[in-house]
2 protein chains.
Amino acid sequence: MNRLPTYRRALENLLASGRAVVSSHELAAEVEVTPSQLRKDLSCFGTFGTAGVGYDVRDLVSRLDEILGICKKRPVLLVGVGNLGLALLNRRPIQRSGFEIVAACDTSPSKVGRVIAGVRCYSLEETPAVLAAIKISIAMLAVPPDTAQETADFLVKNGIRALVNFSPLRLRVDKGVLLEQVDFGYTLQKVAYYLDAMEEQQ
Amino acid sequence: MNRLPTYRRALENLLASGRAVVSSHELAAEVEVTPSQLRKDLSCFGTFGTAGVGYDVRDLVSRLDEILGICKKRPVLLVGVGNLGLALLNRRPIQRSGFEIVAACDTSPSKVGRVIAGVRCYSLEETPAVLAAIKISIAMLAVPPDTAQETADFLVKNGIRALVNFSPLRLRVDKGVLLEQVDFGYTLQKVAYYLDAMEEQQ
DNA sequence: TCATGTGAAGCACTTCACAGCA
DNA sequence: TGCTGTGAAGTGCTTCACATGA
(Lines give C-alpha, C1' and ligand atoms only; values in the text may rest on other atoms or scores of the structure.)
Protein backbone atom coordinates (compact mmCIF):
# COMPACT_ATOMS: atom_id res chain seq x y z
CA MET A 1 0.00 0.00 0.00
CA ASN A 2 2.91 2.37 0.66
CA ARG A 3 3.75 2.10 -3.01
CA LEU A 4 0.33 3.13 -4.33
CA PRO A 5 1.18 6.85 -4.21
CA THR A 6 4.31 6.27 -6.31
CA TYR A 7 2.31 4.31 -8.88
CA ARG A 8 -0.21 7.10 -9.06
CA ARG A 9 2.47 9.72 -9.59
CA ALA A 10 4.10 7.71 -12.40
CA LEU A 11 0.73 7.19 -14.08
CA GLU A 12 0.04 10.91 -13.83
CA ASN A 13 3.29 11.64 -15.65
CA LEU A 14 2.50 9.03 -18.30
CA LEU A 15 -0.92 10.60 -18.79
CA ALA A 16 0.68 14.01 -19.20
CA SER A 17 2.90 12.59 -21.94
CA GLY A 18 -0.17 11.30 -23.78
CA ARG A 19 0.10 7.62 -22.91
CA ALA A 20 -3.22 5.70 -22.84
CA VAL A 21 -2.17 2.14 -21.99
CA VAL A 22 0.77 0.77 -20.04
CA SER A 23 2.00 -2.73 -19.18
CA SER A 24 3.04 -3.81 -15.72
CA HIS A 25 6.63 -4.08 -17.02
CA GLU A 26 6.81 -0.49 -18.18
CA LEU A 27 5.12 0.98 -15.13
CA ALA A 28 7.22 -1.16 -12.81
CA ALA A 29 10.43 0.03 -14.51
CA GLU A 30 9.24 3.60 -14.03
CA VAL A 31 9.00 3.24 -10.25
CA GLU A 32 11.80 0.70 -9.89
CA VAL A 33 9.93 -2.34 -8.63
CA THR A 34 9.48 -5.76 -10.24
CA PRO A 35 6.48 -6.33 -12.53
CA SER A 36 5.22 -9.10 -10.24
CA GLN A 37 5.34 -6.77 -7.30
CA LEU A 38 3.26 -4.19 -9.10
CA ARG A 39 0.66 -6.73 -10.20
CA LYS A 40 0.47 -8.30 -6.75
CA ASP A 41 0.11 -4.89 -5.13
CA LEU A 42 -2.81 -4.01 -7.38
CA SER A 43 -4.43 -7.41 -6.99
CA CYS A 44 -4.94 -6.68 -3.28
CA PHE A 45 -7.51 -4.09 -4.24
CA GLY A 46 -9.24 -5.70 -7.20
CA THR A 47 -8.64 -6.35 -10.86
CA PHE A 48 -7.63 -3.46 -13.07
CA GLY A 49 -5.94 -4.54 -16.31
CA THR A 50 -6.83 -6.53 -19.38
CA ALA A 51 -4.74 -9.61 -20.09
CA GLY A 52 -2.62 -9.37 -23.19
CA VAL A 53 -2.88 -5.58 -23.25
CA GLY A 54 -2.06 -3.87 -19.97
CA TYR A 55 -3.62 -1.14 -17.88
CA ASP A 56 -5.67 1.83 -19.06
CA VAL A 57 -3.73 4.74 -17.61
CA ARG A 58 -6.63 7.12 -17.01
CA ASP A 59 -8.80 4.38 -15.55
CA LEU A 60 -6.09 3.12 -13.21
CA VAL A 61 -5.44 6.62 -11.85
CA SER A 62 -9.08 7.08 -10.94
CA ARG A 63 -9.28 3.60 -9.41
CA LEU A 64 -6.23 4.44 -7.28
CA ASP A 65 -7.85 7.74 -6.29
CA GLU A 66 -10.84 5.75 -5.08
CA ILE A 67 -8.65 3.42 -3.00
CA LEU A 68 -6.63 6.29 -1.56
CA GLY A 69 -9.78 8.24 -0.78
CA ILE A 70 -8.98 11.25 -2.92
CA CYS A 71 -11.70 11.11 -5.59
CA LYS A 72 -12.67 14.55 -4.44
CA LYS A 73 -9.97 16.95 -3.33
CA ARG A 74 -9.57 16.66 0.43
CA PRO A 75 -9.34 19.89 2.44
CA VAL A 76 -6.26 20.41 4.57
CA LEU A 77 -5.47 22.92 7.30
CA LEU A 78 -2.01 24.47 7.38
CA VAL A 79 -0.81 25.36 10.86
CA GLY A 80 2.13 27.75 10.96
CA VAL A 81 2.88 30.09 8.07
CA GLY A 82 6.63 30.44 8.51
CA ASN A 83 9.17 29.57 5.86
CA LEU A 84 8.05 25.97 5.63
CA GLY A 85 4.36 26.85 5.73
CA LEU A 86 4.87 29.27 2.85
CA ALA A 87 6.70 26.61 0.90
CA LEU A 88 3.81 24.18 1.39
CA LEU A 89 1.26 26.82 0.38
CA ASN A 90 3.03 27.40 -2.89
CA ARG A 91 3.53 23.76 -3.84
CA ARG A 92 1.37 22.53 -6.67
CA PRO A 93 2.30 18.88 -6.01
CA ILE A 94 0.05 18.91 -2.96
CA GLN A 95 -2.85 19.97 -5.16
CA ARG A 96 -1.89 17.43 -7.80
CA SER A 97 -1.89 14.73 -5.16
CA GLY A 98 -5.57 15.27 -4.43
CA PHE A 99 -5.44 17.76 -1.59
CA GLU A 100 -6.10 21.45 -1.11
CA ILE A 101 -4.97 23.74 1.65
CA VAL A 102 -8.24 25.56 2.33
CA ALA A 103 -7.21 27.50 5.42
CA ALA A 104 -4.11 28.44 7.36
CA CYS A 105 -3.53 29.62 10.89
CA ASP A 106 -0.70 31.29 12.76
CA THR A 107 -0.09 33.15 15.99
CA SER A 108 1.82 36.05 14.43
CA PRO A 109 -0.30 39.23 14.04
CA SER A 110 1.60 39.98 10.83
CA LYS A 111 0.09 36.86 9.26
CA VAL A 112 -3.41 36.69 10.75
CA GLY A 113 -6.12 38.17 8.53
CA ARG A 114 -3.96 38.17 5.42
CA VAL A 115 -4.62 36.06 2.33
CA ILE A 116 -1.43 34.27 1.29
CA ALA A 117 -1.25 32.35 -2.00
CA GLY A 118 -5.03 32.42 -2.12
CA VAL A 119 -5.48 31.04 1.39
CA ARG A 120 -6.77 33.02 4.34
CA CYS A 121 -4.76 32.94 7.53
CA TYR A 122 -6.71 32.79 10.79
CA SER A 123 -5.72 33.23 14.40
CA LEU A 124 -5.66 30.20 16.67
CA GLU A 125 -8.82 31.49 18.38
CA GLU A 126 -10.71 31.61 15.12
CA THR A 127 -9.57 28.17 14.03
CA PRO A 128 -12.18 26.04 15.87
CA ALA A 129 -14.94 27.96 14.09
CA VAL A 130 -13.22 27.39 10.75
CA LEU A 131 -12.88 23.66 11.47
CA ALA A 132 -16.54 23.53 12.42
CA ALA A 133 -17.67 25.36 9.27
CA ILE A 134 -15.63 23.34 6.77
CA LYS A 135 -15.15 19.71 7.70
CA ILE A 136 -11.34 19.36 7.76
CA SER A 137 -9.79 16.14 9.07
CA ILE A 138 -6.15 16.66 8.12
CA ALA A 139 -3.72 19.27 9.43
CA MET A 140 -0.11 19.92 8.48
CA LEU A 141 1.92 21.13 11.45
CA ALA A 142 4.69 23.53 10.45
CA VAL A 143 5.25 25.22 13.80
CA PRO A 144 8.33 25.50 16.05
CA PRO A 145 9.06 22.37 18.14
CA ASP A 146 8.34 24.03 21.48
CA THR A 147 4.69 24.73 20.63
CA ALA A 148 4.08 21.64 18.46
CA GLN A 149 2.62 19.41 21.19
CA GLU A 150 0.17 21.92 22.62
CA THR A 151 -0.91 22.98 19.14
CA ALA A 152 -1.49 19.34 18.23
CA ASP A 153 -3.61 18.82 21.35
CA PHE A 154 -5.64 21.90 20.54
CA LEU A 155 -6.29 20.77 16.97
CA VAL A 156 -7.33 17.28 18.03
CA LYS A 157 -9.71 18.72 20.59
CA ASN A 158 -11.32 20.68 17.77
CA GLY A 159 -11.91 17.81 15.40
CA ILE A 160 -8.65 17.18 13.54
CA ARG A 161 -8.20 13.43 12.96
CA ALA A 162 -4.82 13.30 11.24
CA LEU A 163 -1.60 15.26 11.70
CA VAL A 164 1.42 15.58 9.46
CA ASN A 165 4.17 16.84 11.72
CA PHE A 166 7.20 18.62 10.30
CA SER A 167 8.85 19.40 13.64
CA PRO A 168 11.56 17.01 14.81
CA LEU A 169 9.68 16.27 18.02
CA ARG A 170 7.76 13.03 18.39
CA LEU A 171 4.22 14.07 19.31
CA ARG A 172 1.91 12.20 21.67
CA VAL A 173 -1.60 11.70 20.36
CA ASP A 174 -4.26 9.31 21.60
CA LYS A 175 -4.94 6.43 19.31
CA GLY A 176 -7.74 7.20 16.96
CA VAL A 177 -5.67 10.13 15.76
CA LEU A 178 -3.28 9.53 12.89
CA LEU A 179 0.21 10.92 13.13
CA GLU A 180 2.73 11.02 10.32
CA GLN A 181 6.24 12.29 10.87
CA VAL A 182 8.21 14.14 8.20
CA ASP A 183 11.85 14.66 9.11
CA PHE A 184 14.47 15.90 6.65
CA GLY A 185 17.18 14.94 9.11
CA TYR A 186 16.22 11.26 8.81
CA THR A 187 16.46 11.47 5.05
CA LEU A 188 19.91 13.03 5.16
CA GLN A 189 21.16 10.49 7.70
CA LYS A 190 19.95 7.66 5.52
CA VAL A 191 21.75 9.18 2.56
CA ALA A 192 24.97 9.63 4.55
CA TYR A 193 24.86 6.01 5.69
CA TYR A 194 24.36 4.51 2.23
CA LEU A 195 26.93 6.86 0.74
CA ASP A 196 29.56 5.53 3.15
CA ALA A 197 28.44 1.96 2.50
CA MET A 198 28.85 2.47 -1.25
CA GLU A 199 32.30 3.94 -0.88
CA GLU A 200 33.48 1.08 1.30
CA GLN A 201 32.36 -1.41 -1.33
CA GLN A 202 34.74 0.04 -3.90
CA MET B 1 18.85 0.51 9.60
CA ASN B 2 15.99 2.82 8.58
CA ARG B 3 15.14 3.09 12.24
CA LEU B 4 18.56 4.25 13.41
CA PRO B 5 17.80 7.93 12.77
CA THR B 6 14.66 7.71 14.92
CA TYR B 7 16.63 6.10 17.74
CA ARG B 8 19.20 8.84 17.53
CA ARG B 9 16.56 11.57 17.68
CA ALA B 10 14.90 10.00 20.72
CA LEU B 11 18.26 9.66 22.48
CA GLU B 12 19.01 13.30 21.71
CA ASN B 13 15.78 14.33 23.37
CA LEU B 14 16.53 12.11 26.39
CA LEU B 15 19.97 13.68 26.64
CA ALA B 16 18.43 17.15 26.56
CA SER B 17 16.19 16.18 29.48
CA GLY B 18 19.23 15.09 31.47
CA ARG B 19 18.91 11.34 31.14
CA ALA B 20 22.18 9.36 31.36
CA VAL B 21 21.07 5.73 31.02
CA VAL B 22 18.11 4.14 29.28
CA SER B 23 16.83 0.59 28.92
CA SER B 24 15.75 -0.96 25.64
CA HIS B 25 12.19 -0.99 26.99
CA GLU B 26 12.06 2.73 27.61
CA LEU B 27 13.77 3.74 24.39
CA ALA B 28 11.63 1.33 22.40
CA ALA B 29 8.45 2.80 23.90
CA GLU B 30 9.68 6.25 22.92
CA VAL B 31 9.93 5.36 19.23
CA GLU B 32 7.08 2.84 19.22
CA VAL B 33 8.90 -0.37 18.42
CA THR B 34 9.28 -3.55 20.49
CA PRO B 35 12.27 -3.85 22.85
CA SER B 36 13.49 -6.93 20.96
CA GLN B 37 13.40 -5.04 17.74
CA LEU B 38 15.52 -2.27 19.15
CA ARG B 39 18.08 -4.68 20.61
CA LYS B 40 18.25 -6.71 17.41
CA ASP B 41 18.67 -3.55 15.33
CA LEU B 42 21.60 -2.42 17.44
CA SER B 43 23.16 -5.89 17.57
CA CYS B 44 23.67 -5.71 13.78
CA PHE B 45 26.30 -3.05 14.36
CA GLY B 46 28.00 -4.27 17.51
CA THR B 47 27.37 -4.37 21.22
CA PHE B 48 26.43 -1.18 23.00
CA GLY B 49 24.73 -1.76 26.34
CA THR B 50 25.58 -3.29 29.68
CA ALA B 51 23.43 -6.21 30.81
CA GLY B 52 21.35 -5.49 33.87
CA VAL B 53 21.64 -1.74 33.37
CA GLY B 54 20.86 -0.50 29.88
CA TYR B 55 22.46 1.89 27.42
CA ASP B 56 24.56 4.94 28.17
CA VAL B 57 22.68 7.65 26.33
CA ARG B 58 25.59 9.86 25.39
CA ASP B 59 27.73 6.92 24.34
CA LEU B 60 24.99 5.38 22.21
CA VAL B 61 24.42 8.66 20.37
CA SER B 62 28.07 8.91 19.41
CA ARG B 63 28.20 5.25 18.39
CA LEU B 64 25.17 5.84 16.17
CA ASP B 65 26.85 8.91 14.71
CA GLU B 66 29.78 6.73 13.81
CA ILE B 67 27.55 4.18 12.08
CA LEU B 68 25.60 6.85 10.24
CA GLY B 69 28.78 8.58 9.18
CA ILE B 70 28.04 11.89 10.86
CA CYS B 71 30.76 12.08 13.53
CA LYS B 72 31.81 15.28 11.88
CA LYS B 73 29.17 17.55 10.43
CA ARG B 74 28.76 16.73 6.75
CA PRO B 75 28.58 19.63 4.30
CA VAL B 76 25.52 19.88 2.10
CA LEU B 77 24.79 22.00 -0.98
CA LEU B 78 21.34 23.57 -1.29
CA VAL B 79 20.16 23.98 -4.86
CA GLY B 80 17.28 26.39 -5.32
CA VAL B 81 16.59 29.14 -2.81
CA GLY B 82 12.84 29.50 -3.30
CA ASN B 83 10.30 29.09 -0.53
CA LEU B 84 11.33 25.55 0.22
CA GLY B 85 15.04 26.30 0.00
CA LEU B 86 14.59 29.15 2.48
CA ALA B 87 12.71 26.84 4.81
CA LEU B 88 15.54 24.31 4.68
CA LEU B 89 18.15 27.02 5.29
CA ASN B 90 16.39 28.11 8.44
CA ARG B 91 15.82 24.65 9.94
CA ARG B 92 17.94 23.81 12.90
CA PRO B 93 16.93 20.12 12.80
CA ILE B 94 19.17 19.65 9.78
CA GLN B 95 22.11 20.96 11.81
CA ARG B 96 21.09 18.85 14.79
CA SER B 97 21.03 15.79 12.56
CA GLY B 98 24.71 16.15 11.76
CA PHE B 99 24.64 18.21 8.58
CA GLU B 100 25.38 21.76 7.56
CA ILE B 101 24.30 23.64 4.49
CA VAL B 102 27.61 25.27 3.56
CA ALA B 103 26.62 26.75 0.21
CA ALA B 104 23.53 27.47 -1.85
CA CYS B 105 22.97 28.12 -5.53
CA ASP B 106 20.18 29.56 -7.62
CA THR B 107 19.60 30.95 -11.10
CA SER B 108 17.76 34.07 -9.99
CA PRO B 109 19.95 37.23 -10.07
CA SER B 110 18.07 38.49 -7.01
CA LYS B 111 19.53 35.60 -4.99
CA VAL B 112 23.01 35.15 -6.43
CA GLY B 113 25.75 36.89 -4.46
CA ARG B 114 23.59 37.38 -1.37
CA VAL B 115 24.21 35.73 1.99
CA ILE B 116 20.99 34.17 3.28
CA ALA B 117 20.77 32.77 6.81
CA GLY B 118 24.54 32.80 6.93
CA VAL B 119 24.97 30.90 3.68
CA ARG B 120 26.30 32.40 0.46
CA CYS B 121 24.27 31.89 -2.69
CA TYR B 122 26.22 31.21 -5.88
CA SER B 123 25.23 31.13 -9.53
CA LEU B 124 25.10 27.81 -11.32
CA GLU B 125 28.27 28.76 -13.21
CA GLU B 126 30.18 29.34 -9.99
CA THR B 127 28.97 26.10 -8.42
CA PRO B 128 31.54 23.69 -9.93
CA ALA B 129 34.33 25.80 -8.43
CA VAL B 130 32.60 25.74 -5.04
CA LEU B 131 32.19 21.97 -5.20
CA ALA B 132 35.85 21.61 -6.12
CA ALA B 133 37.01 23.85 -3.27
CA ILE B 134 34.96 22.28 -0.51
CA LYS B 135 34.38 18.55 -0.90
CA ILE B 136 30.57 18.29 -0.91
CA SER B 137 28.93 14.93 -1.71
CA ILE B 138 25.31 15.66 -0.86
CA ALA B 139 22.93 18.10 -2.53
CA MET B 140 19.34 18.97 -1.69
CA LEU B 141 17.35 19.76 -4.82
CA ALA B 142 14.63 22.34 -4.19
CA VAL B 143 14.11 23.53 -7.76
CA PRO B 144 11.04 23.54 -10.02
CA PRO B 145 10.22 20.16 -11.61
CA ASP B 146 10.98 21.30 -15.17
CA THR B 147 14.63 22.03 -14.42
CA ALA B 148 15.18 19.29 -11.83
CA GLN B 149 16.58 16.66 -14.19
CA GLU B 150 19.10 18.88 -15.99
CA THR B 151 20.19 20.41 -12.69
CA ALA B 152 20.70 16.93 -11.26
CA ASP B 153 22.80 15.91 -14.27
CA PHE B 154 24.90 19.05 -13.92
CA LEU B 155 25.54 18.43 -10.23
CA VAL B 156 26.49 14.79 -10.75
CA LYS B 157 28.89 15.80 -13.50
CA ASN B 158 30.55 18.12 -10.99
CA GLY B 159 31.08 15.61 -8.23
CA ILE B 160 27.82 15.33 -6.29
CA ARG B 161 27.31 11.72 -5.16
CA ALA B 162 23.91 11.91 -3.44
CA LEU B 163 20.73 13.85 -4.21
CA VAL B 164 17.72 14.55 -2.03
CA ASN B 165 15.00 15.54 -4.47
CA PHE B 166 12.00 17.57 -3.32
CA SER B 167 10.38 17.89 -6.74
CA PRO B 168 7.60 15.41 -7.54
CA LEU B 169 9.48 14.18 -10.60
CA ARG B 170 11.33 10.88 -10.49
CA LEU B 171 14.87 11.69 -11.57
CA ARG B 172 17.13 9.44 -13.61
CA VAL B 173 20.65 9.06 -12.25
CA ASP B 174 23.25 6.47 -13.12
CA LYS B 175 23.89 3.94 -10.43
CA GLY B 176 26.70 4.97 -8.20
CA VAL B 177 24.69 8.11 -7.44
CA LEU B 178 22.30 7.97 -4.52
CA LEU B 179 18.81 9.39 -4.97
CA GLU B 180 16.31 9.96 -2.20
CA GLN B 181 12.84 11.23 -2.97
CA VAL B 182 10.90 13.47 -0.58
CA ASP B 183 7.28 13.93 -1.54
CA PHE B 184 4.70 15.57 0.69
CA GLY B 185 1.96 14.33 -1.61
CA TYR B 186 2.83 10.71 -0.78
CA THR B 187 2.61 11.46 2.92
CA LEU B 188 -0.80 13.05 2.56
CA GLN B 189 -2.10 10.20 0.42
CA LYS B 190 -0.96 7.69 2.99
CA VAL B 191 -2.72 9.66 5.70
CA ALA B 192 -5.93 9.88 3.65
CA TYR B 193 -5.90 6.14 3.07
CA TYR B 194 -5.42 5.15 6.70
CA LEU B 195 -7.94 7.74 7.82
CA ASP B 196 -10.61 6.14 5.63
CA ALA B 197 -9.55 2.67 6.80
CA MET B 198 -9.94 3.73 10.43
CA GLU B 199 -13.37 5.22 9.84
CA GLU B 200 -14.61 2.08 8.10
CA GLN B 201 -13.54 -0.01 11.08
CA GLN B 202 -15.87 1.86 13.39
C1' DT C 1 17.76 -10.05 40.03
C1' DC C 2 17.55 -7.35 35.90
C1' DA C 3 18.47 -6.25 31.22
C1' DT C 4 21.33 -7.24 27.19
C1' DG C 5 22.55 -10.09 23.09
C1' DT C 6 21.12 -13.94 20.14
C1' DG C 7 19.72 -18.40 18.01
C1' DA C 8 15.20 -20.30 16.71
C1' DA C 9 10.43 -19.90 15.52
C1' DG C 10 6.98 -17.28 13.40
C1' DC C 11 5.18 -14.07 10.23
C1' DA C 12 5.04 -11.01 6.26
C1' DC C 13 6.59 -9.63 2.13
C1' DT C 14 8.72 -10.60 -2.51
C1' DT C 15 9.63 -13.35 -6.40
C1' DC C 16 8.61 -17.18 -9.29
C1' DA C 17 6.02 -19.71 -12.51
C1' DC C 18 2.09 -20.71 -14.79
C1' DA C 19 -3.01 -20.89 -15.71
C1' DG C 20 -6.33 -18.19 -18.09
C1' DC C 21 -8.06 -14.67 -20.98
C1' DA C 22 -7.85 -11.15 -24.99
C1' DT D 1 1.17 -14.72 -28.77
C1' DG D 2 1.25 -11.31 -24.89
C1' DC D 3 0.14 -9.86 -20.53
C1' DT D 4 -2.69 -10.16 -16.40
C1' DG D 5 -3.92 -12.32 -11.94
C1' DT D 6 -2.54 -15.72 -8.47
C1' DG D 7 -1.23 -19.90 -5.79
C1' DA D 8 3.31 -21.65 -4.28
C1' DA D 9 8.07 -21.21 -3.19
C1' DG D 10 11.58 -18.38 -1.42
C1' DT D 11 13.49 -14.67 1.22
C1' DG D 12 13.85 -11.34 4.77
C1' DC D 13 12.14 -9.22 8.80
C1' DT D 14 10.03 -9.46 13.51
C1' DT D 15 9.07 -11.62 17.73
C1' DC D 16 10.00 -15.01 21.15
C1' DA D 17 12.54 -17.15 24.72
C1' DC D 18 16.50 -17.96 27.04
C1' DA D 19 21.51 -18.13 27.99
C1' DT D 20 24.93 -14.91 29.54
C1' DG D 21 26.93 -11.27 32.13
C1' DA D 22 26.67 -7.21 35.49
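Because the structure is predicted, anything quoted here is derived from the model rather than measured. Just so it is clear, the values below take in all heavy atoms, side chains as well, and ignore hydrogens, waters and symmetry mates. Just so it is clear: chains get the letters A, B, ... in the order the sequence lines come, proteins before strands, and each one is counted from 1.
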Would you jot down, in residue-number order, the residues of residues 20-38 of chain B having a non-hydrogen atom under 4.0 Å from DNA chain D? Thr34(B), Ser36(B), Gln37(B)

Tyr55(B) OH to dC2(C) C1', straight-line distance once rounded to whole Å: 13 Å

Pairs in or reaching into residues 126-143 of chain B: which pass side-chain hydrogen bond (donor to acceptor under 3.5 Å, both in side chains), with residues at least two apart or in two chains? Ser123(B)-Glu126(B)

Nearest-angstrom distance from the residue atom CG of Asp56(B) to P of dA3(C): 16 Å

Run the salt-bridge test on Arg170(B) and Asp183(B) with the 4.0 Å N-O cut-off and return the result as yes or no. no

Relative to each other, are the rings of Phe166(B) and Phe184(B) parallel, tilted or perpendicular (30° and 60° limits)? tilted

Whole-Å distance, Phe45(A) CZ to dT4(D) P, equals 18 Å

Can you measure Lys40(B) atom NZ to dT15(D) atom C1' for me and round it to whole angstrom units? 9 Å

Asp59(B) has an atom CG; how far is it from atom C1' of dT4(C), in whole Å? 14 Å

Whole-Å distance, Arg63(A) CZ to dG5(D) P, equals 9 Å

Can you tell me how far P of dT14(C) sits from CE of Met1(A), to the nearest Å? 14 Å

So, is Arg39(B) near the phosphate of dC18(D), with a side-chain N or O under 4.0 Å from OP1 or OP2? no

Would you confirm whether Gln189(A), through its side chain, and Asp65(B), through its main-chain N or O, come within 3.5 Å as a donor-acceptor pair? no

Leu60(A) atom CG is separated from dT4(D) atom C1', nearest whole Å, by 13 Å

OP1 or OP2 of dG5(C) sitting under 4.0 Å from any side-chain N/O of Thr47(B)? yes

Check: Glu150(B)/Thr147(B) side-chain N/O donor and acceptor closer than 3.5 Å: no

Is Arg8(A) salt-bridged to Glu66(A), going by a charged N under 4.0 Å from an acidic O? no

